[in-house]
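This report concerns only the one structure given below.
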Amino acid sequence: MAERANALSGRDWLKNSFSIWRNFDRDGNRKSHPASFPVSLAQQILSCYARGEESVVLDPFVGSGSTLLAATYAGMRSVGLDINAKYKDIFIDRLDMISCPPNGGNDKKWHYEVCDARECSAFFSVVQTESVDVCITSPPYWDILNRHRTSDEKKPISYSNSDSDIGNIDSYDEFLAALGDVMENVGKALKDRGYLILNVMDLRKGSVFYPLHQDSVAVVQQRSDLVLEDIIIWDRQKDYNQMRPLGYPYKFIINKVHEYLLVFRKCKN
Ligand SMILES: C[S@@+](CC[C@H](N)C(=O)[O-])C[C@H]1O[C@@H](n2cnc3c(N)ncnc32)[C@H](O)[C@@H]1O
């Protein structure tokens with residue numbers, strides 16, 4: 001008999017199979033990291049794409065560690081990488097805040113490495129090739145956080161001033177190439193049939209629209225054995241407030257309140 005894909009009941013399988021996901025609880029982390037995703041989002045992804053406790057989880061842009069927390073809650077081993085040591089401290093604080101993860105305890109199953117995820121030597125010193133079942137990650141959205149936001153007038157915030165931070169790359173093509181370097185490493189790290197869930201959103205700089213989700217699909221497929229299998233829309237409308245009517249009254253412009261969860265699977269043959 002074929003092996004089960006996950007432990008979901010039929011009811012939850014159906015619920016999670018709808019292509020729009022929404023209403024994830026925030027855990028109060030947004031003040032300490034400028035662009036974290038909710039732990040509950042990573043938990044839902046793992047419930048669909050990971051088989052169980054024996055699964056190994058990776059996040060090469062792990063930030064404040066939401067992916068590692070979700071894996072720890074589920075009793076899975078996990079590895080996270082981030083260029084910014086400050087975010088590792090935030091992750092450690094978050095670990096302390098969660099009340100006794102079921103399988104966290106003394107049996108530490110996570111590893112957080114402060115390094116440049118593009119560097120093969122650093123990457124493969126903590127992640128073995130063909131060892132990962134599920135990679136969940138949210139790269140910087142180009143250098144957009146460094147810029148003034150017209151939709152709700154939020155102040156610019158950046159992850160760091162580091163040249164190794166790919167969120168500080170000014171050229172879109174160079175940013176995509178840097179993303180490709182990391183995705184190539186992820187492709188090698190995944191087991192055959194393993195999953196990558198890549199969280200991105202489309203961007204606008206001035207009057208130019210950049211379809212980052214579409215360009216990310218091209219980059220991932222060019223640089224690895226990963227193939228796009230699905231697209232989930234993450235509806236974030238309730239996270240946005242104080243929105244302005246963009247372009248009013250001269251040009252109608254859409255306010256983006258959704259992100260993408262691009263689901264890739266490694267297919268060697
Ligand atoms: C969108 S945030 C990820 C947030 C994370 N999902 C969380 O919940 O906290 C992107 C992260 O990529 C990191 N980053 C940027 N360039 C990097 C690089 N070259 N190698 C590893 N991490 C990098 C940034 O420091 C930032 O924390």
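Positions are given from 1 along the sequence. Each ligand, and each atom within it, is numbered from 1 in the order the structure gives.
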Is there at least one pair of N or O atoms, one from [X] and one from ligand 1, spaced under 3.5 Å apart?
{"X": "I166", "answer": "yes"}
{"X": "L81", "answer": "no"}
{"X": "S164", "answer": "yes"}
{"X": "A117", "answer": "yes"}
{"X": "S66", "answer": "yes"}
{"X": "F37", "answer": "yes"}

P60 to ligand 1, any heavy atom closer than 4.0 Å: yes
Shortest reach to atom 5 (C) of ligand 1 by a heavy atom, considering only D165, L41, V62: V62
Heavy-atom nearest neighbour of atom 25 (O) of ligand 1 within options N84, D116, D82: D82
Ion pair D181/R223, N-O distance below 4.0 Å: yes
Report the part of [X] (side chain from C-beta onward, or backbone N, CA, C, O) that has a heavy atom under 4.0 Å from ligand 1; answer both or neither where that applies.
{"X": "Y141", "answer": "neither"}
{"X": "A178", "answer": "neither"}
{"X": "T137", "answer": "neither"}

All pairs passing ring pair (Phe, Tyr, Trp, His ring centres under 6.0 Å) where residues 176-215 contributes a residue, at least two apart: Y49-Y195, W142-Y210, Y172-Y210, H213-Y260
In one Ile/Leu/Val/Met/Phe/Trp/Tyr side-chain cluster, 4.5 Å: W13, L261: no
Interfacing atoms of ligand 1 (cut-off 4.0 Å, heavy-atom, P140): 10 (C), 12 (O), 15 (C)
Centroid-centroid under 6.0 Å between F91 and W110 rings: yes
All ring-ring contact (aromatic ring centres under 6.0 Å, His included) counterparts of H111, not counting sequence neighbours: none
Row check, W234 ring normal vs R236 NZ/CZ: under 6.0 Å, within 45°: yes
